[in-house]
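Read through the structure below, which is laid out as structure tokens, and then see the notes.
Just so it is clear, the model here is predicted, and its values are computed rather than measured. Letters A, B, ... are given to chains in the order of the sequence lines, protein chains preceding strands, and every chain is numbered from 1.
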Amino acid sequence: MAAPALPQAAQRALLRWYRTAARALPWRRTRDPWRVWVAEAMLQQTRVEAVRQRYEEFLARYPSPAALAAAAEHEVVEAWAGLGYYRRARALWAAARRCCALHGGRVPAEPAALAALPGVGAYTAGAIASIAFGAAVPALDGNAVRVLARLLAVTEDVSRVAARRRLETEAAALALRAAAEPDGPGAWNQALMELGARVCLPRAPRCDAGCPVRRWCGAARAGIAAELPRKPARRAPRPVQLAVGCTLDADRRRVLVVRRPAGGLLGLAWALPAVEGGRAELGAALGARVGRELLRWRHAFTHRVWHARLYQCTLHGAAPPGARWLGAAALRRRGFPTAFRPAVAAALELLRAGRGAHLASDPRHAAGRRQRAASERPRG
DNA sequence: AAAGCGGGGTA
DNA sequence: TACCCAGCTTT
């Protein structure tokens, strides 16, 4: 292993800064590998503040791999509702089961064994191994990539293999050297991420706001910190028309909900029945008569935008397999992805209003509809 | 190498 | 509006 390009003095300065500047986050109070793992799983592409609110609650419910493994997969997905990337919940559940089957219910300490678990890639394996077990391995997340690309003044596109390899080599050398410091590689990896989150910000790096490693930063010296790291442009999300059914039972006291198919978008999450297309596609898929339109809203994903319309539906025959009828209380309790919350709110409104009442009779709701409908108007 | 997969904060 | 975030998996 070659020596790191970053001087030891810089590494020590950053470690020193971390000792005093680190935020007191819930997952920093422990070295319990399960608690570290749950935090890392939740933090994948997810803001610290979003995870803060959900972390303790999830751990109270699933305090160990065995506890999670004992739950049903769909129950875990529901506990994940609102956090996004639901595949993480399913992977964590599968990985917990594997820990019980293969590792006696314990979290493995070896980075390779960790990375073999579903949902655990190079970053997460490195984070768990270094933070929970003190292993001298890097944890190269988006923050660390940004910080290192700036320190080393890597001007190449960081998604390219050559640039990526350079960052990984440097990160590995730094983790190894950090193992000889009192704080250890776990603190070092978190120090890199903390700097990226607090000082070395993506758009507007705060080099002047007390960056502890500015003296050693190639990008700051060249005046190009804000331009790094370079990344390829992302493609615009594809617009998709979505028809959603609001189906009441004969008593008009309950609403039909379904679990979405496992493979696709929002897999295994609870939702109102929905299909790409309009009234015709919804009626055919649901076996229902499609009545009046109740609501329009939009929901943006990374890769597509839903232009969604909610229709009141009447079933021709039986409910589709696996569907459930939920009353207002059950509907409120159930965890739904954010994409469906406007529809669930409208369904609740419809239940509350009762037979024959019109949704738009609620002025608050009518205002919301007008606003969304305006933003929804097709361009051109 | 690129695409699929959420949700929300920020400039 | 555009960008990005404590990424992983499949194609």
Side-chain angles (χ1 to χ4, degrees), chain A residues 22-23 25-28 36-55 77 80-92 94-95 114-128 130-131 138-147 157-164 171 186 188-198 200-206 226-227 229-238 240 260-269 271 298-306 335-342 375 379:
Chain A
R23 292 166 291 180
L25 301 172
W27 46 91
R28 287 183 175 158
V36 172
W37 184 2
V38 168
E40 294 302 337
M42 286 190 171
L43 285 163
Q44 288 167 11
Q45 296 293 288
T46 305
R47 309 261 168 189
V48 165
E49 287 312 313
V51 173
R52 247 192 211 275
Q53 299 174 22
R54 306 294 297 278
Y55 178 68
V77 171
W80 204 266
L83 279 171
Y85 286 120
Y86 297 92
R87 192 168 51 189
R88 292 182 294 173
R90 302 170 61 192
L92 190 59
L114 285 164
L117 296 167
V120 181
Y123 162 74
T124 306
I128 299 170
S130 63
I131 296 169
L140 204 52
D141 76 323
N143 283 310
V145 164
R146 186 171 61 253
V147 170
D157 182 334
V158 292
S159 68
R160 305 285 289 258
V161 173
R164 182 78 199 178
W188 167 249
N189 286 332
Q190 294 187 82
L192 273 178
M193 295 190 275
E194 186 78 0
L195 189 73
R198 307 274 299 284
C200 200
L201 303 180
R203 310 286 203 97
R206 304 168 57 194
E227 294 154 41
R230 288 202 227 285
K231 295 180 180 181
R234 224 184 322 187
R235 289 170 40 160
R238 178 170 67 92
V240 172
R260 292 177 58 80
L265 186 59
L266 304 174
L268 289 191
R298 100 191 252 298
H299 184 85
F301 300 89
T302 306
H303 56 303
R304 70 187 65 178
V305 179
W306 276 354
F336 290 96
T338 303
F340 281 96
R341 286 185 194 158
S375 70
R379 280 169 297 210

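Residue A:R234 is in base contact, counting any heavy-atom pair closer than 4.0 Å across all strands shown. When heavy atoms are screened at a 4.0 angstrom cut-off, A:W27 is found touching base atoms of the nucleic acid. A:P337 comes within 4.0 angstrom of the backbone, heavy atoms only, and of no base. A:F301 comes within 4.0 angstrom of the backbone, heavy atoms only, and of no base. Nucleic acid contact for A:T46: base, since at least one base atom lies under 4.0 Å from a heavy atom of the residue. A:I131 comes within 4.0 angstrom of nothing in the nucleic acid, heavy atoms only. Contacts of A:R238 with the nucleic acid, taken as non-hydrogen atoms under 4.0 Å apart, are absent. Using a 4.0 Å heavy-atom distance criterion, A:G82 is classed as a sugar-phosphate-only contact. As judged by a 4.0 angstrom heavy-atom cut-off over every strand, A:V51 is placed among residues making no nucleic acid contact.
For A:P202, counting side-chain heavy atoms from C-beta on, the closest listed nucleotide (C:dC4, C:dA6, C:dG7) is C:dC4. Of all nucleotides listed (C:dC8, C:dC5, C:dA6), C:dC8 comes nearest to the side chain of A:T124.
Between the side chain of A:R47 and the base of C:dC4 there is at least one donor-acceptor pair of N/O atoms closer than 3.5 Å.
Spacing between atom NZ of A:K231 and atom P of C:dA2 amounts to 18 Å, rounded to whole angstrom units. Rounding to whole angstrom units, CG of residue A:D141 and P of C:dA6 are separated by 7 Å. One atom, OH of A:Y123, and another, P of C:dC8, lie 8 Å apart when rounded to the nearest Å. In this structure, A:R203 atom CZ and C:dT1 atom P are separated by 14 Å, rounded to whole Å. Atoms CG (A:L192) and P (C:dC5) sit 15 Å apart, rounded to a whole Å. Rounded to a whole Å, the OH atom of A:Y55 is 13 Å from the C1' atom of C:dA6. Taking atom CZ on A:R88 and atom C1' on C:dC8, their separation rounds to 10 Å, with Å as the unit. Rounded to an integer number of Å, the gap from CD of A:E40 to P of C:dG7 is 9 Å.
On the P atoms, C:dC3 is 16 Å away from B:dA3, given to the nearest whole Å. Rounded to a whole angstrom, the distance from the P atom of C:dA6 to that of B:dG4 is 24 Å. Comparing the P positions of C:dT11 and B:dG6 gives a spacing of 16 Å, expressed to the nearest Å.
Judged by distance alone, the side chain of A:R260 and the main-chain N or O of A:L265 form a donor-acceptor pair under 3.5 Å. Of the possible donor and acceptor atoms, none in the side chain of A:R52 sits under 3.5 Å from a partner among the backbone N and O of A:L25. Put simply, the side chain of A:R146 gets close to the backbone of A:C200: a donor and an acceptor are under 3.5 Å apart.
At the phosphate of C:dC5, neither OP1 nor OP2 sits under 4.0 Å from any side-chain N or O atom of A:Q45.
When every heavy atom of A:A125 is checked against every heavy atom of A:V120, the shortest pair comes out as N-CG1, 3.5 Å. When all heavy atoms of A:D141 and A:A144 are compared, the pair lying nearest together is OD1-N, 2.9 Å. For the residue pair A:A89 and A:V77, the shortest heavy atom distance occurs at CB-CA, 4.1 Å.
Summary of the strand contacts: A:G264 and A:A204 both lie near DNA chain B, and taking for each the nucleotide with the nearest heavy atom, the more 5' one is attributed to A:G264. For A:A50 and A:H303, each mapped to the nucleotide of DNA chain B holding its nearest heavy atom, the one lying further toward the 5' end belongs to A:H303. Mapping A:L117 and A:A39 onto DNA chain C by nearest heavy atom places A:A39 closer to the 5' end of the strand.
Reading DNA chain B from its 5' end, the first and the last nucleotide to sit under 4.0 Å from a heavy atom of chain A are B:dA1 to B:dG9.
Residues A:R88 and A:Q44 have side chains that never bring a donor and an acceptor to within less than 3.5 angstrom of each other.
Taking a 6.0 Å sphere around CZ of A:R23, one finds it holds more than 12 heavy atoms contributed by other residues, nucleotides or ligands.
Interatomic distance, A:L268 CG to A:W80 CH2, rounded to the nearest 0.5 Å: 14.0 Å.
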